[in-house]
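Just below is one structure, and these are the notes that go with it.
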Amino acid sequence: LLVLKTKEGAVLGGYADEAWQLGTDWTGEADNFLFRLRSVASDPITDQGAMGVWDGHQGVNRHFQYLCWGKKSLPNGLGMGGQFEYAGVWFNSDFSTGHSRGDPVCTTYMSPPLAPKETFSIDEVEVWLVRPLPHDEDEEEQAKGSALDRSEDMAFLEMAGKKLYSRDLSKPEEE
């Protein structure tokens, strides 16, 4: 999940459902999406600049995500949607500037330009890794029972200053 704030105050970004691959090809899937949380130039009559989310299921191409560094003949940076020089969201390789183009819409996500100005200076960028936790059946079995059944958990509770009043109580006998 990529979130950026422009120097003008717009907040926008994108979600990539697949891992980013360094290369010269567009990758990703239609479950990716672009979003806009805040635009400094929102027009209440046309809804231009309002908060929104645009996924890749309606687009006319498969240019969901692009990541390239160190090439002389291709653009270097990170992009989502559209095409070179007309991306739905583009971060230049130095992460100081970018653009959101596609007038009237980005051809991949069918989103309007996400920032009030076509090109912008980036004030802040945040990136989160979002993925499901792996399921481990052994860990699930260990998690059953009480914290008093595991010495590591009891030590942690003691370090946190918790009194273990029932530590010396024995377990009831099973019938």
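Note that these values count all heavy atoms, side chains included, but never hydrogens, waters or copies made by symmetry. Predicted, not measured: the structure shown is a model, and the values here were computed from it.
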Subject >> 4.5 Å side-chain heavy-atom contact, Y66 and L74 >> reply: yes
Subject >> Closest contact, heavy atoms only, C106 versus G82 >> reply: SG-N, 3.3 Å
Subject >> Side chain to side chain, R101 and W90, heavy atoms closer than 4.5 Å >> reply: no
Subject >> Parallel, tilted or perpendicular, as decided by the 30° and 60° cut-offs, for the rings of W69 and F95 >> reply: parallel
Subject >> Cluster link V3 to M51, ILVMFWY, side chain under 4.5 Å >> reply: yes
**OP:** Mind running side-chain hydrogen bond (donor to acceptor under 3.5 Å, both in side chains) on Q65 and N32 for me, showing each step along the way?
**Re:** CA-CA 8 Å; Q65 59 195 71; N32 291 9; 2.6 Å; yes
**OP:** Evaluate the side-chain proximity of N76 to C68: yes if any heavy-atom separation is below 4.5 Å, no if none is.
**Re:** yes
Original post:
Is there side-chain contact between T27 and L67, with at least one heavy-atom pair below 4.5 Å?
Top reply: no
**OP:** For the pair W26 and F84, evaluate ring pair (Phe, Tyr, Trp, His ring centres under 6.0 Å) and give the outcome as yes or no after the intermediate values.
**Re:** CA-CA 10 Å; W26 291 88; F84 296 134; 5.8 Å; yes
Original post:
Mind checking whether L4 and L12 have side chains closer than 4.5 Å, heavy atoms only?
Top reply: yes
**OP:** Check the surroundings of atom OH in Y86: do more than 12 heavy atoms from other residues, nucleotides or ligands lie under 6.0 Å from it?
**Re:** no
Subject >> Shared hydrophobic cluster, V125 / F120 (ILVMFWY, side-chain heavy atoms < 4.5 Å) >> reply: yes
